[in-house]
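We name chains A, B, ... by the order of the sequence lines, and we start the count at 1 in each one. Only heavy atoms go into these numbers, but all of them, side chains included; no hydrogens, no water, no symmetry mates.
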Amino acid sequence: MKIQKIIGAGAIGLASIVAAYAHGGATGIVKERMEAMGTMSDVVKALSAMMRGETAYNADAVRDGAETIRRHAGEALTGLFPEGSGGEPSEAKAEVWSNWDEFSALAAQLETLSEGLGLAADNGLMSGSGGQAQGGMMGGGTGMMGSANTMMGGTAPMMGRGGSFDAAVLAAMPADGVFNMIAQSCSACHTKFRLEKN
Amino acid sequence: MRRIAKLGALAAVLAAAGAASLHAWPIGRPVALESIAGDAARGAYLARMSGCIACHTNAENGGAPLAGGVKLPTDFGTFHSPNLTTDTVNGIGGWSIQEFSKAVRQGVSPDGEPYYPAFPYPFYSRFSDQDIADLWAAFRTVPAVAEAAPEQELRFPFSFRPALKAWRAMFLDTGPLEPREDKSEAWNRGRFIVRGPAHCGACHTPRNLLGARQAEFALHGAEGLPDGGKSPPITKAKLEERGWTVSNLAYALRSGITPGGDVFGGSMGEVVRDGTSFLSDDDLRAIAIYLLDKDGPNEP
């Protein structure tokens with residue numbers, strides 16, 4: 001009994017050391033936001049397996065995951081980036097604060113998209129059969145190569161920076177379509193505002 | 001003193017002669033592309049794969065597609081991507097397909113000037129004649145934009161463009177890849193994409209002090225990229241160590257989502273957004289198969 005407790009405590013201690021190391025020794029608000037990002041990342045990991053058809057689609061899990069992201073998006077997200085909280089060990093670029101409007105627009109976009117994903121959860125996947133549905137909204141395959149217009153297309157319409165989405169419209173989309181839009185939103189923000197340290 | 005002055009003068013004369021002969025040194029080979037019918041849709045797909053649209057469209061500032069003007073800050077100075085629209089004055093509207101081919105595959109301008117390798121033409125040298133005809137057909141559909149891209153701002157000595165001819169002689173290794181008969185079609189396709197149009201090595205292979213890629217460290221990852229970031233190694237060993245498989249790598253190139261649930265940022269976010277997310281499932285799989293094969297990027 002006792003030994004298990006000790007091992008358990010040791011494991012927890014070790015886990016927190018590992019976590020601290022993974023976050024580059026961050027403390028305070030920087031650590032808090034890294035953990036919030038980690039929470040969203042866990043959701044993305046679990047849901048992406050479902051969206052690709054690697055694990056069985058589960059509408060409840062999609063709804064729960066979407067809600068977790070929603071709670072960490074919008075002002076909950078921007079509130080974790082007070083002025084002056086950049087620099088080592090944070091991975092936030094100075095642009096977060098010099099371009100606050102765009103940063104907060106992306107955070108708000110994530111909130112709307114995750115709300116939309118929750119509403120779209122019951123719609124299931126685009127093809128209804130897992131694997132084939134991947135990347136539908138990302139302009140994969142023949143869709144974008146179908147015409148020479150591609151040369152004039154600029155960036156995909158879904159990537160509109162700080163664009164406004166209507167949760168009601170999203171609610172009518174296949175879940176994997178909305179999920180891919182969430183990933184694009186994450187990527188747009190990381191591309192602009194996150195330092196790549198690898 | 002006089003002797004030193006003489007030596008100095010001699011050196012100056014030699015340098016001038018060197019510079020003059022570099023000026024006069026003709027580079028590039030003639031190409032014959034007559035009568036190949038180009039498929040604009042296929043060309044547009046190749047242009048996506050090659051990053052033409054990403055690098056030559058100033059989306060950030062609302063620039064028109066392929067009108068150029070994207071800044072690329074490097075150790076050698078700041079590059080500005082040129083206008084590739086059909087405008088005859090500011091773009092490439094007045095070019096012939098031969099000139100286009102020479103520019104893309106050999107890195108030589110219609111005036112015979114060498115391009116800086118910020119333009120990844122060494123990768124594009126893998127294009128077949130058919131690829132070039134298709135690309136050209138696609139570029140002919142781009143609406144003209146009468147807007148001059150800014151001049152390149154290179155620091156001396158890099159601003160001396162003819163010196164690039166010496167660079168080419170030292171470092172350039174171009175030409176199509178001979179298909180490997182002992183490998184699958186997907187593997188050969190993946191090799192073409194990775195080592196050709198998608199120019200993965202432009203960011204994932206470290207460069208020497210003169211900006212040439214170090215072949216022995218192909219795809220080992222690099223620091224000091226134009227955006228100030230780092231690129232991770234994408235060799236088989238490192239990819240596997242970090243949990244990548246053919247399936248999740250192809251998925252990441254489509255969606256930006258990594259096996260750990262992170263989503264790409266930095267230049268890779270742009271690469272996915274403007275490039276790989278548009279590729280076919282087969283092509284994404286081919287890239288992953290090649291990168292994760294034991295005879296992949298480390299082949300001789």
Side-chain angles (χ1 to χ4, degrees), chain A residues 37-49 51-54 91 93 102 131-132 134-156 158-161 176 179-198, chain B residues 39-48 52-54 57 59-60 62-66 137-143 221 225 227-233 247-248 250-252 254-270 272-274 277-284:
Chain A
M37 292 291 171
T39 303
M40 289 195 277
S41 167
D42 290 342
V43 172
V44 168
K45 183 177 178 179
L47 295 192
S48 70
M51 302 297 168
R52 301 160 60 196
E54 284 213 335
E91 294 173 8
K93 283 189 185 173
E102 191 176 338
Q132 295 305 313
Q134 59 172 307
M137 290 307 293
M138 307 287 293
T142 51
M144 290 306 294
M145 44 191 286
S147 84
N149 287 341
T150 316
M151 292 299 280
M152 320 162 26
T155 52
M158 291 308 173
M159 296 304 297
R161 284 174 292 127
D176 52 335
F179 179 74
N180 285 333
M181 288 165 75
I182 287 179
Q184 288 175 340
S185 174
C186 299
S187 181
C189 200
H190 291 170
T191 295
K192 203 90 205 259
F193 298 109
R194 184 175 75 177
L195 215 55
E196 296 304 300
K197 291 185 173 175
N198 294 307
Chain B
D39 177 341
R42 191 173 173 276
Y45 181 76
L46 284 175
R48 271 287 173 203
C52 309
I53 296 162
T57 305
E60 186 74 9
L66 293 164
F139 273 97
R140 298 302 290 170
T141 69
V142 179
L225 298 185
D227 70 348
K230 280 191 201 177
S231 64
S247 161
N248 68 26
Y251 177 72
R254 164 85 62 226
S255 66
I257 300 173
T258 73
D262 189 14
V263 184
F264 287 141
S267 322
M268 197 61 200
E270 291 174 8
V272 172
R273 182 191 69 196
D274 298 333
S277 65
F278 292 96
L279 301 186
S280 70
D281 288 343
D282 283 350
D283 279 349
L284 294 183

Rounded distance [0.5 Å steps], [atom1] in [X] versus [atom2] in [Y]:
{"X": "E60(B)", "Y": "K192(A)", "atom1": "CD", "atom2": "NZ", "answer": "3.5 Å"}
{"X": "K45(A)", "Y": "I257(B)", "atom1": "NZ", "atom2": "CD1", "answer": "12.5 Å"}
{"X": "Q184(A)", "Y": "S277(B)", "atom1": "CD", "atom2": "OG", "answer": "7.0 Å"}

Check whether S187(A) reaches the backbone of F264(B) with its side chain - one donor and one acceptor, N or O, closer than 3.5 Å.
yes
Keeping S255(B) on the side-chain end and N180(A) on the backbone end, is there a donor-acceptor pair under 3.5 Å?
no
Side chain to side chain contact (heavy atoms under 4.5 Å, CB included) with N248(B): which residues, sequence neighbours excluded?
R52(A), W244(B), T245(B), P259(B)
Looking only at heavy atoms, the pair that brings R194(A) and V263(B) closest together is NH2-O, 3.3 Å
Chain B contact via F193(A) - which portion, at a heavy-atom distance below 4.5 Å
neither
Residue selection (most heavy-atom pairs with chain B, distance under 4.5 Å) from A49(A), C186(A), S48(A), A46(A):
S48(A)
Closest-packed option against chain A by number of heavy-atom pairs under 4.5 Å, given A54(B), G266(B), A64(B):
G266(B)
